[in-house]
Amino acid sequence: MSVLRSVFAAFAMFSAFPAPKVEWNRENLRWMLCAFPLVGAAVGLLCWGWETLAEFLRFPALLRGAGLALIPVLTTGGVHLDGYADTWDALSSHAPPEKKREILADPRLGAFAAIHLCGWFLADFALWTALPQYEAVPVLLIFCLSRSLSGLAIAVFPLAKDTGLAHTFVQAAGRRAARRFLTGLSALLCVGLSLCGWWRAVVAVVALGIFVYYQKMAQNQFGGLSGDLAGWFLQTAELWMLGALVLGQYVEGIL
């Protein structure tokens with residue numbers, strides 16, 4: 001039952017999906033990081049449903065792309081985009097790590113955050129609209145892989161401070177168990193992408209490259225990971241993986 005309660009906790013924390021309320025304690029949070037990729041699976045299934053509806057009703061490409069861009073944001077309540085925006089505010093300050101961590105804690109939206117949010121939405125919408133063919137399995141795996149790697153980073157990389165949500169999740173889960181599970185799951189998801197076609201293997205490589213960059217950026221710029229940085233990674237990884245998928249389809253069309 002603790003596993004099921006952890007799944008409920010993951011959906012309650014990382015999505016806007018209705019989920020049964022569970023007590024916020026160590027036992028119920030034990031497997032929450034491991035259940036995080038299930039939220040990605042739910043997002044991917046909803047995107048597939050929208051794509052099916054758009055194709056059946058022959059929606060124009062702009063409406064199809066708008067739906068695919070908005071579904072991941074609406075179903076997560078924008079929780080990851082909040083961290084993405086805060087991280088860009090901090091990075092754009094070019095301040096020492098301690099000051100950057102203070103900026104992360106500031107709830108106000110700065111100019112650089114607004115600029116990068118607009119850029120993210122524009123790029124995401126453009127990529128979904130430009131996607132020649134919707135591939136249900138690779139897209140679902142992309143949403144799962146971004147969350148699996150995000151959870152793995154929290155379980156493996158040093159944290160910036162001994163407080164906050166990221167620290168709470170690690171303390172509840174235990175790094176060793178979460179690290180083993182999420183490492184194996186991430187590997188399986190990368191293999192799954194590779195089996196979908198040679199360019200889908202490039203999509204997995206792109207995710208791993210951003211994962212490595214994420215660790216170095218977090219350590220050098222902030223002194224370790226935090227919940228906001230986890231949001232930055234997830235949004236960045238998904239955008240770049242989608243870009244790789246779109247580019248791959250165009251390359252395959254030429255070849």
Side-chain angles (χ1 to χ4, degrees), residues 1-57 59 63-86 107 109 117 120-121 124-125 128 134 136-155 164-173 178 181-182 185 189 226-228 230-235 237-239 241-242:
M1 288 298 294
S2 64
V3 174
L4 187 58
R5 288 194 294 268
S6 292
V7 172
F8 293 153
F11 274 84
M13 180 66 205
F14 299 118
S15 81
F17 292 108
K21 292 184 178 180
V22 296
E23 186 178 350
W24 196 265
N25 57 42
R26 186 178 185 125
E27 182 64 22
N28 291 341
L29 299 182
R30 183 179 181 186
W31 300 104
M32 190 169 74
L33 284 179
C34 298
F36 189 20
L38 291 176
V39 178
V43 174
L45 288 174
L46 279 178
C47 285
W48 172 77
W50 172 259
E51 170 65 22
T52 302
L53 179 65
E55 184 176 356
F56 178 75
L57 297 178
F59 286 165
L63 181 57
R64 165 184 174 264
L68 291 172
L70 288 174
I71 285 173
V73 177
L74 297 177
T75 53
T76 59
V79 62
H80 308 300
L81 274 175
D82 177 67
Y84 179 85
D86 289 342
L109 183 72
L117 277 177
W120 186 93
F121 273 108
D124 193 58
F125 170 64
W128 282 119
Y134 187 89
V137 173
V139 170
L140 186 145
L141 293 179
I142 284 173
F143 285 122
C144 292
L145 181 58
S146 65
R147 287 160 174 80
S148 182
L149 290 174
S150 181
L152 178 60
I154 293 175
L165 287 175
H167 182 262
T168 300
F169 299 154
V170 170
Q171 289 295 102
F181 179 87
L182 292 171
L185 179 60
L189 292 170
S226 68
D228 285 321
W232 176 91
F233 166 76
L234 190 145
Q235 299 294 167
E238 288 184 356
L239 187 65
M241 283 191 283
L242 175 59

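The first residue in the sequence is number 1, and the count goes up from there. Values in this document were obtained by computation on a predicted structure and should not be read as measured data.
- Between the CG atom of L109 and the CG atom of D86 there is a distance of 8.0 Å, given to the nearest 0.5 Å.
- With values rounded to the nearest 0.5 angstrom, F8 atom CZ is found 9.5 Å from F11 atom CZ.
- Looking at every heavy atom in both residues, L74 comes nearest to A16 through O-CB, 3.6 Å.
- Annotation: side chain of D82 is in contact with side chain of D228 (closest heavy-atom distance under 4.5 Å).
- Between the side chain of R64 and the backbone N or O of W128 there is at least one donor-acceptor pair closer than 3.5 Å.
- Across all non-hydrogen atoms, the minimal contact from L185 to P37 is CD2-CG, 3.5 Å.
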Trace of the side chain to side chain contact (heavy atoms under 4.5 Å, CB included) decision for S146 with L234: CA-CA 5 Å; S146 65; L234 190 145; 3.9 Å; yes

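- Across S6 and M32, no two heavy atoms sit closer than the pair CB-N, 3.7 Å.
- The side-chain heavy atoms of C47 and P72, taken from C-beta on, include a pair separated by under 4.5 Å.
- In this structure, the side chain of S148 does not engage the main chain of C144 through any donor-acceptor pair within 3.5 Å.
- Sorted by first and then second residue, the salt bridge (Lys or Arg N to Asp or Glu O under 4.0 Å) pairs with a member in residues 7-19 form an empty list; sequence neighbours excluded.
- Note that the CG atom of L68 and the CH2 atom of W48 stand 13.5 Å from one another [nearest 0.5 Å].
- Note on ring orientation: taking the six-membered ring where Trp is involved, the planes of F14 and H80 are parallel (angle under 30°, cut-offs 30° and 60°).
- In this structure, CD1 in I71 is found 11.5 Å from OG1 in T76, a value given to the nearest 0.5 Å.
- In this structure, the side chains of L239 and W120 come closer than 4.5 Å at one or more pairs of heavy atoms.
- Contact check for V139 versus F143: side-chain heavy atoms found under the 4.5 Å cut-off.
- Pairing each heavy atom of A10 with each of V39, the nearest pair is O-CG2, 4.0 Å.
- Here the side chains of L46 and F17 are in contact, with some heavy-atom distance below 4.5 Å.
- If you look at Y134 and W50, their ring centroids are not closer than 6.0 Å.
- The CD atom of E238 sits 8.5 Å away from atom CD1 of I142, with the distance rounded to the nearest 0.5 Å.
- Annotation: side chain of F181 is not in contact with side chain of L33 (no heavy-atom distance under 4.5 Å).
- Within the model, atoms CZ of R147 and CG of L182 stand 13.5 Å from one another, a figure rounded to the nearest 0.5 Å.
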